[in-house]
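We count ligands from 1, going down the list as the structure has it; atoms in each ligand are counted the same way.
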Amino acid sequence: MKTIDVCGIPFEVKEIEPNNRADDFMGREDSVSCIITINVRMTREMKQSTLIHEWIHSILDTMGFGEISGNENLVSVLQNELYRAGFRLHKRNKK
Ligand SMILES: [Zn+2]
């Protein structure tokens with residue numbers, strides 16, 4: 001499985017098919033199960049950018065900033081600026 005590091009905790013990254021045509025989710029994050037889910041149908045660039053978005057949510061949730069994590073505008077601004085500046089997350093293989 002592929003993981004990324006969130007505050008020292010490996011979060012599993014799964015790319016999945018949307019449930020149906022109307023399901024246009026880009027990504028989801030579960031900081032209890034330590035799983036980030038990305039829509040497999042997106043372009044490589046969108047997946048990378050979405051992974052940054054979910055990683056930011058995961059950091060905030062893991063560190064007890066759940067209320068700030070609920071601010072989608074803030075998370076999206078950070079996502080976009082990190083992505084524009086060339087920041088990329090590198091997934092690691094874990095058994
Ligand atoms: Zn979000």
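For Arg84, the CZ atom sits in a loose shell: 12 or fewer heavy atoms of surrounding residues, nucleotides or ligands are nearer than 6.0 Å. Taking a 6.0 Å sphere around CD of Glu67, one finds it holds 12 or fewer heavy atoms contributed by other residues, nucleotides or ligands.
Under 4.0 Å is where a charged nitrogen must lie from a carboxylate oxygen, and between Glu15 and Arg41 no such pair does.
Counting only protein atoms, the N, O or S atoms lying less than 2.8 Å from the Zn ion (ligand 1) are His53 NE2, His57 NE2, Glu72 OE1, Glu72 OE2, ordered by chain and residue number.
Linking ILVMFWY side-chain heavy atoms closer than 4.5 Å, directly or via other members, places Leu74 and Phe65 in a single hydrophobic cluster.
Checked by atom type and distance alone, the side chain of Asn39 never pairs as donor or acceptor with a backbone atom of Gly27 at under 3.5 Å.
Residue Ile35 is tested with Met1, Arg28, Glu54, Lys14 for a side-chain contact (heavy atoms from CB on, under 4.5 Å); the sole match is Lys14.
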